[in-house]
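Before any comments, here is the structure.
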Amino acid sequence: MKLLDHIGLGRKHRPGDLPAGPDGTRSGSMGRWLLLIGFFGLLMAAFPGSYRPEFRVEIGDVWRSDDLIAPFTFSLLKPADELAREIADIRANTPSIFKQQAGTATRIQAKLDSFYVWLEPALEAHMLGDSTAFKASREQAGLNLDDRTWAILADDYKTVRLASMRSDGPPARFIGTDIRLRIEFLVDELLSEGVIDIAKSGIEVPAIVVRNERDRTQRTVALALVRDLSEAREYAGFRFGRTFGEEGGHAAQQLFDAVMEPDLVFDAAETKARVDEAVESVSPTRGAVPVGELIIRQGETVNADSHLKLRSLAAARQESADPTAAWIERTGQLLVLMGLFLPFLLYLYLYRNPIFDRNHLLALVLLATGITCAIALVLVRYENVSLLLVPVAVAPIILTIIYDSRVGLLTTVTLGLFIAFLAGNQFEYAVAGILAGSLAVFSVRDVRNRSQFFLTTPALVFTGYAVVLGAFSLIEGGSWSAYGRNLGFVAGQTVLIWLTYPLILLFEKLFRVTTDVSLLELNDHNHPLIKLLMNRAPGTYQHSLQVANLAEAAAAAIGANSLLCRVGALYHDVGKTDRPEYFVENQQGLNEHDKLKPRMSVLVIKNHVTVGLKLAEEHNLPGVVSQFIATHHGDGIIRYFHDLARKQADNPDDVREEDFRYDGPLPSTKETGIVMLADGIEAAARAMRDPNYAKLENLVNRMVDERLVEGQLRDCPLTFQDLRIIKESFHSILVGVYHSRIAYPGQKE
C-alpha cells in the first residue's frame, strides 16, 4: 500500500462513522485479497464469451455504434421462424418405425389351442353339475372370459350333447368349434395386413415404416392399410355379429380379445433417432453476406433484415474465434471490469476504512453488488430478454440502509456502467440505471416505514427509467413500440425491488449488522422489553422517553444517527425492571436505600447495567443497542452514595472512589456519548425545583462540562463544536418541557 502513498492515493486516516458491527477491529489483509480475487474470478467465469453490440440488439432498437461493415464473408442464418417451420415439417412428415414381431400368429394359435384343450372338460363338468371340476378346468383354460360367455358356451354344448343322444334329427354342431375357426380366419386376415400396438390417432404422418429384422427388409406402408388393436377388435366384432348373432358374437368377441395381439410394435428410439438425424441435416443458413457489405448505419433502427445479419455475424465470430483471440478478449474484459470497480474499491479504501478493513463488511458489499451482477450475467445469455430487467437499484438500496448514501451512490454508478458494458456499451443503460438508482438511494436515506420499499422507491425507479428511455427515443426518433417493450422490462425490475426488504433482514443475520429497518422495529413501544419496562418501572419508562427525545434532537443537530440514539435511549435503563423500587423515579415516598448501607446501595444501583445487558441478550437486541446499556454511565462515580459513605465512615479517607464507580466501558461513538449526557441531564432537570430558562441553561452547561472534565467522553469522537450544539439542543428541549404555566383562577398558590 506504500505505492499508493507515493502516487497520492494514500489514506488520510481520519475518523469516520463506523458501520454497526460486532467490533471495531481490522481483519487480515490476506482475507481481503482472497475476497477481491474471488469476486473478480467469479465475474469472469460467468462473463459471456463476447459483449459486442450485435449480440444484444433487438428489432426496433437504434444502432448507436459506428457503421457496421461485414469484416469477412459469413453465412446468413435463416430466420428463427423459418427454421422452426422446416423442423416442424420434418417432424410431421417423418414416418414412425414399427418392428414386425416374428411368431405372432403362432403365439395366438397356441393360446387358442391351450384354451380348447380345457374347454370340453369344463363344459362336461358343468353339464354334469360338478361345480368343483368345472371351476378347476375353467381356471386351467387360462383366458379371462366373463360368466356370460361361459354360460353361452355351456348352454350350447349341453344342447348339442342332448341332440346327439337322440337319433331323430340331423347331428348338431357346437358353436365353440365355429368360433375357433372364425377367429383363426380373422387372425390370418388381420395379421396379413398388419396390426400396430399404438393408437393411430397419435400418428400424424400418413405412412409408417415396417422393419422385418429377421428377413432384413424394410417397407413403407400407408397408415390407412393397417389397423391398431382397437380397430382390429371393432372389425372382428362386426364380423362375429353377422355370423353368430348377438349371443354367439359376444362369446366370440370375448375369446378374440383374449388371444389377439399386434404384430407391429412401435420403436420409439429408432423413430426419434431418424427424426433427429433429419433435423440435424437441416441447414441453419441460407446464402452469405460478402466482406465489405454495409450491414447497418449508425442511428438506423434495427429491422428484421439487419437483425438477422447481426445475429449471423455474431454466430460467425463465435465459430471462427481461435483460442488466442479468445484469451485476448477475456483479458480485455477483465481489465474493463477492474476499471469499472476500481474507483468504488478505492473509495472504500481511502474514505471508508472501517468497511474496507473488516472482511465481513467488505464481503457484504461484494455480495450485494455480486447478486446484481449475477442476475445480469444470467439474463444476458437470453436473446429476447432485455438487461433493463436487472434490478440495478437493489444493491444500492441495501448498502445505503446498512452504511450510507455515499456508498449507495458509488454502487449505483458502478453497476450502471457494468450493465451498459454488458449490454454492448449502450450509453442509455448507464444513464437510466444511474438516475434510477440515485433516486432510489435518496429515497431510502431516512427509512421510516415499509411503504418506502413497496411503493415510493419502486415508483421513483420506474419514473427514472421511463424519463431517460423516453428522452433517448425522442432524440433518436426510435420506435415507440420498442419504448413500450422496454418499459415492460423496467416494470418487472421495479417489482424485483420488493426483494430488498427480506434481503436486508438476511444480510443483518449473516453479517451481524444493524440497519435502520431493525431500529424502526425496536422503536415500537409494543416491543416485549419496552412493555416490561412500562409495566414494572413506569417512572423509568417515562425517564427513558424524555432521554430519547433529548438524544434524538441532539443527534439530528450534529448529524449523528438520530434513530439509533432514540432506540438506544429507550433501552438504556431496561435493567431497572429488576428491583425498580430502588430507583428514585419509581419511588412513592419510601426510599428503600434507607434500609441499606451505602456500599450495598451501590451494588444494587450498578446491577441495573448487568441486568440490562442480560435482558438485551435474552431478547436478541443488536450489539449496537446493547452498547448504550453498557456505556450510559461510563465509569462515573455514584456521587450521592460515595459522599454518604464518607459521612458515615470513621475515617473518610478509607472510602475508595473505585468502590463507588460504574464498571464502564466509556462511550466510544457520538451516539452513546449523547445518550450518556442526556441521561444525566434529564434526571437532574426532573429533580430541579422551579426550573426556568437560566437554571436549565446552567444545569446543561455544568453537567456537560463535568462529564468532559471527568474524562467520560475521552473515547468519544464528539468535538467541542458538537458539544456546543448538543448543549443548545438539550436546553431548547428542556425549556419546552419545563416552561412556566399560567395560574388559572381557583388554583392554589
Side-chain angles (χ1 to χ4, degrees), residues 522 527-548 551 567-649 654-668 672-673 675-684 686-687 707 710 712 715:
L522 292 174
H527 189 280
L529 202 48
I530 297 298
K531 295 187 76 172
L532 179 68
L533 181 65
M534 187 189 311
N535 294 327
R536 289 192 180 180
T540 302
Y541 170 71
Q542 293 300 325
H543 161 71
S544 298
L545 288 180
Q546 294 302 323
V547 173
V567 172
L570 283 176
Y571 290 87
H572 80 284
D573 265 346
V574 292
K576 292 182 179 180
T577 53
D578 181 47
R579 300 181 181 180
E581 67 276 6
Y582 284 89
F583 300 91
V584 64
E585 66 266 23
N586 300 308
Q587 293 173 354
Q588 302 290 333
L590 179 64
N591 190 340
E592 296 291 335
H593 290 285
D594 294 340
K595 307 173 185 178
L596 303 176
K597 293 182 178 181
R599 291 182 182 274
M600 184 58 67
S601 294
V602 166
L603 292 178
V604 173
I605 295 297
K606 289 170 59 176
N607 189 55
H608 86 275
V609 175
T610 304
V611 173
L613 291 173
K614 182 179 179 181
L615 287 172
E617 183 178 359
E618 291 175 355
H619 288 79
N620 296 318
L621 291 188
V624 70
V625 176
S626 299
Q627 288 179 8
F628 289 88
I629 300 174
T631 63
H632 73 279
H633 288 297
D635 61 358
I637 187 172
I638 306 176
R639 185 69 60 185
Y640 175 82
F641 292 108
H642 177 257
D643 293 342
L644 183 61
R646 286 177 60 87
K647 290 178 182 179
Q648 295 177 359
D654 291 339
V655 179
R656 300 188 310 165
E657 283 191 356
E658 289 75 10
D659 296 335
F660 291 84
R661 285 188 179 275
Y662 285 97
D663 298 328
L666 298 178
S668 59
T672 52
V675 170
M676 167 187 273
L677 297 174
D679 179 43
I681 290 173
E682 198 284 331
R686 183 185 294 268
R707 296 292 183 271
E710 290 173 0
Q712 298 299 312
D715 294 339

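As the structure is a computational prediction, the values presented were derived from the model and not from experiment. Index from 1, following the sequence.
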If I take atom [atom1] from residue [X] and atom [atom2] from residue [Y], how far apart are they, to the nearest 0.5 angstrom?
| X | Y | atom1 | atom2 | result |
| --- | --- | --- | --- | --- |
| Leu533 | Leu570 | CG | CG | 9.0 Å |
| Thr610 | Lys606 | OG1 | NZ | 8.5 Å |
| His642 | Arg599 | NE2 | CZ | 9.0 Å |
| Ile605 | Phe660 | CD1 | CZ | 12.0 Å |
| Lys576 | Glu585 | NZ | CD | 4.0 Å |
| Leu522 | Tyr571 | CG | OH | 4.5 Å |

How far apart are the closest heavy atoms of [X] and [Y], and which atoms are they?
| X | Y | value |
| --- | --- | --- |
| Thr672 | Pro667 | OG1-CB, 3.4 Å |
| Leu615 | Thr577 | CD1-OG1, 3.4 Å |
| Phe641 | Pro598 | O-CB, 3.7 Å |
| Ala569 | Ala548 | CB-CA, 3.5 Å |
| His572 | Ser544 | CE1-OG, 3.9 Å |
| Asp715 | Leu666 | OD2-CD1, 3.7 Å |

- prompt: Does CZ in Arg661 sit with more than 12 non-hydrogen atoms of other residues, nucleotides or ligands closer than 6.0 Å?
  reply: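 Counting other residues, nucleotides and ligands, CZ of Arg661 exceeds 12 neighbours.
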Enclosure of Glu710 CD (heavy-atom neighbours >12, cutoff 6.0 Å):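 Result for CD/Glu710: enclosed.
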Side-chain ([X]) to main-chain ([Y]) donor-acceptor, under 3.5 angstrom:
| X | Y | answer |
| --- | --- | --- |
| Asn586 | Gly539 | yes |
| Tyr662 | Val609 | no |
| His527 | Leu529 | yes |

- prompt: Heavy atoms, side chains only, cut-off 4.5 Å: are Ile530 and Tyr541 in contact?
  reply: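 Ile530 reaches Tyr541 side chain to side chain.
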message: List the residues meeting side-chain hydrogen bond (donor to acceptor under 3.5 Å, both in side chains) with Arg686, not counting sequence neighbours, and say none if there are none.
response: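 Arg686 satisfies side-chain hydrogen bond (donor to acceptor under 3.5 Å, both in side chains) with Glu682 once adjacent residues are dropped.
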- request: Using the test side-chain contact (heavy atoms from CB on, under 4.5 Å), find all partners of Leu596 that sit at least two apart in sequence or belong to another chain.
  value: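 side-chain contact (heavy atoms from CB on, under 4.5 Å) list for Leu596, sorted by chain: Tyr582, His593, Met600, Ser601, Val604.
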Throw together a table of side-chain donor-acceptor distances under 3.5 angstrom for residues 629-639, partners on residues two or more places apart or in other chains.
residue, atom, partner, partner atom, Å
Thr631, OG1, Gln627, O, 2.7
His632, ND1, Phe628, O, 3.2
His632, ND1, Ile629, O, 2.9
His632, NE2, Asp573, OD1, 3.1
His632, NE2, His608, NE2, 3.2
Asp635, OD1, Gln712, NE2, 2.7

